[in-house]
*Asks:* 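First the structure, which I've put down as structure tokens, then a few questions once you've had a look.
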Amino acid sequence: MAPELRPMADGEQAAFARSAAIPFLDPGNPDGERHWTDHLEVGRAWLAVDGDRVVGNCCTLTRDVVVPDGAVEPFAAVSGIGVHPTHRRQGLLGRMMAAMLDDARRRGEAFAMLWATESVIYGRLGFGAAVHTCDVRIDRRSAAFDGRSAVAPADVTIIDAGEAAAVLPGLHAACRRRRAGEVDRNAAVWRDVWADPPGRRGGGSQVMFAVTDGGYCAYRAAPDPRRLVVRDLQAVDDLTEAALFAYLAGVDLVERIDLLSRPLDDPLRWRLADPRRLETTRVGDLLWLRVLDVPAALTGRAWPHAADLVLDVRAHGQVPADDPAVGLWHLTTSAGAGAACEPAPPGAAADLVLGLADLGALHMGGVAPSALAAAGRMTEVKPGALARADALWPTVRQPGGSTTF
């Protein structure tokens, strides 16, 4: 018989954590158990049970994210999806995803997002890669700014985790509004930050926190070579961000600075006297987005231009043809304001044809419609429709992200 998929009951958080450790290859890790026990929400987690054994798990978390106009929208944060190796290829992943997405729709969430451990899986389920980031590194001795990009030194204070707990949550909430894709950090996320268990340090030091007016950075020292690994650098404006980097470049006993999960259009390269010395070591997907309610998703933000488009959103991969987001949608936008979106009347002619995952990829403004069309993922039916769509989904400021879930 197929395993039963049922909601996790209160009191089963530890069972969920032990189950999740199997597919994530991390059994016996007390930090992993504490993480899941802390984050799980009763009513938003599920267990797959075969007899008396838990053989799979999944959950969604109640979170919000900055969208391209700077507004904040709630979404379903899909996490903790795992099927034990003994029960693969039995349809559990599809059943889990259906349970989570149906629940999110009932809660009125217009879209879901996830971090993909394996990128080939989730496109078939209607998720599009909506946010990409990069990791960069630079020899500290080559980190001087060009004379035209000089900034005033920041008045930086180094604080411990206890002090940071009182300061950083408010700073992060203010800083994240600069970029689409930045997810909120609830108390459980911050407890992960303060805990900083040795197993997460990769052989490096404890995390250090440096704070200034309007920004902060969190970093650790790592060996071979001696370097600073910067996982979180947040600022309310470009000058404060540059001043924090200048502070990091002035730390002694360091050969290299590694900055992780930076936006693709990070202006740092353009500040450097020798920009060639900034090496990009990784470019990759960060957040995958799945639209659940097309009208709610497309009217939940302001738009830069007025436009009138009919979008033919199609099922693909394992997306069922009767998915509520699939269909012909009439979108009308107003410059600097909201939009109206409703099912197009029968027989209406589409301007653009795209898959559901591609609509998700567009949502944060990280890719131009014309780029998707050039890749064969979108079709322009009416001449000029792509140009109008490019104006609606501009990539003026790339989305970014620094918060896991």
Side-chain angles (χ1 to χ4, degrees), residues 62-77 101 104-113 126-128 130-131 173-174 176-184 287-313 323-345 348-372 378 380-382 384-401:
T62 306
R63 307 297 289 276
D64 63 53
V65 65
V66 179
V67 292
D69 68 340
V72 171
E73 288 290 317
F75 73 99
L101 299 186
R105 290 189 190 95
R106 287 192 293 270
R107 294 172 184 269
E109 290 160 334
F111 55 92
M113 291 198 295
F127 287 82
V131 178
R176 76 178 181 116
R177 299 296 286 269
R178 296 177 67 210
R179 245 181 227 282
E182 282 287 359
V183 176
D184 72 309
L287 290 173
W288 292 64
L289 190 149
R290 213 276 199 184
V291 176
L292 304 177
D293 182 330
V294 173
L298 297 184
T299 60
R301 49 161 293 189
W303 295 86
H305 301 285
D308 189 306
L309 287 169
V310 175
L311 306 176
D312 185 355
V313 180
D323 187 284
V326 170
L328 207 60
W329 301 99
H330 183 200
L331 172 67
T332 55
T333 65
S334 301
C341 183
E342 59 188 4
D351 293 297
L352 296 167
V353 178
L354 68 163
L356 179 57
D358 304 307
L359 183 63
L362 285 175
H363 196 67
M364 290 295 171
V367 62
S370 56
L372 293 179
M378 181 183 292
E380 181 183 51
V381 179
K382 294 183 181 178
L386 266 180
R388 299 201 306 276
D390 276 353
L392 277 189
W393 283 280
T395 54
V396 174
R397 191 174 181 91
Q398 284 283 332

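Please read all numbers here as calculations on a predicted model, not as lab measurements.
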*Asks:* Looking at side-chain heavy atoms only, is the closest gap between Asp293 and Arg105 below 4.5 Å?
*Replies:*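 A side-chain contact under 4.5 Å is absent here.
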*Asks:* Could you tell me if the side chain of Leu392 sits less than 4.5 Å from the side chain of Thr333, heavy atoms only?
*Replies:* yes
*Asks:* Under a 4.5 Å cut-off applied to non-hydrogen side-chain atoms, are Met364 and Val65 in contact?
*Replies:*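 A side-chain contact under 4.5 Å exists here.
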*Asks:* Between the main-chain N or O of Arg397 and the side-chain N or O of Arg179, is there a donor-acceptor pair closer than 3.5 Å?
*Replies:*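 No.
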*Asks:* Out of curiosity, Leu298 CG to His363 NE2, how far, rounded to the nearest 0.5 Å?
*Replies:*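 Those atoms lie 7.0 Å apart.
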*Asks:* Measure the spacing between CG of Asp64 and CD of Glu73 and express it to the nearest 0.5 Å.
*Replies:*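 Separation between the atoms: 9.0 Å.
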*Asks:* Mind checking whether Val353 and Met378 have side chains closer than 4.5 Å, heavy atoms only?
*Replies:*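 No, every pair of side-chain atoms sits at 4.5 Å or beyond.
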*Asks:* What are the two closest heavy atoms between Ala325 and Val294, and how far apart are they?
*Replies:* O-CG2, 3.4 Å
*Asks:* Looking at Trp303, is Arg301 sitting on its ring face, NZ or CZ under 6.0 Å from the six-membered ring centre and within 45 degrees of the normal?
*Replies:* yes
*Asks:* Which pair of non-hydrogen atoms, one from Gly365 and one from Pro68, has the smallest distance, and what is that distance?
*Replies:*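 Closest pair (atom of Gly365, atom of Pro68, distance): N-CG, 4.2 Å.
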*Asks:* So, for Val310 and Ala344, which heavy atoms are closest and what is the spacing to 0.1 Å?
*Replies:*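 Heavy atoms only, the tightest pair is CG1-CB, 4.2 Å.
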*Asks:* Counting C-beta onward and ignoring hydrogens, is there a side-chain heavy-atom pair between Arg290 and Leu356 closer than 4.5 Å?
*Replies:* yes
*Asks:* Which atom names give the shortest non-hydrogen contact between Phe111 and Leu289, and what distance separates them?
*Replies:* CD1-CD1, 3.7 Å
*Asks:* Less than 4.5 Å apart, any side-chain heavy atom of Val67 and any of Val72?
*Replies:* no
*Asks:* Kindly write out the residues that satisfy side-chain contact (heavy atoms from CB on, under 4.5 Å) with Arg388, not counting sequence neighbours, or none if the list is empty.
*Replies:* Leu309, Asp351, Ala385
*Asks:* Name the one of Leu354, Leu352, Val326, Leu328 that satisfies side chain to side chain contact (heavy atoms under 4.5 Å, CB included) with Asp312?
*Replies:* Leu328
*Asks:* Quick one: are Leu292 and Pro324 in side-chain contact, heavy atoms under 4.5 Å?
*Replies:*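 Leu292 vs Pro324: side chains apart.
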*Asks:* Side-chain contact, heavy-atom cut-off 4.5 Å: Asp323 with Leu101?
*Replies:*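 No. Closest side-chain heavy atoms not under 4.5 Å.
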*Asks:* Could you pull out the closest heavy-atom pair between Ala110 and Ala296, with the gap in Å?
*Replies:*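 Where Ala110 meets Ala296 most closely, the heavy atoms are CB-CB, 3.8 Å.
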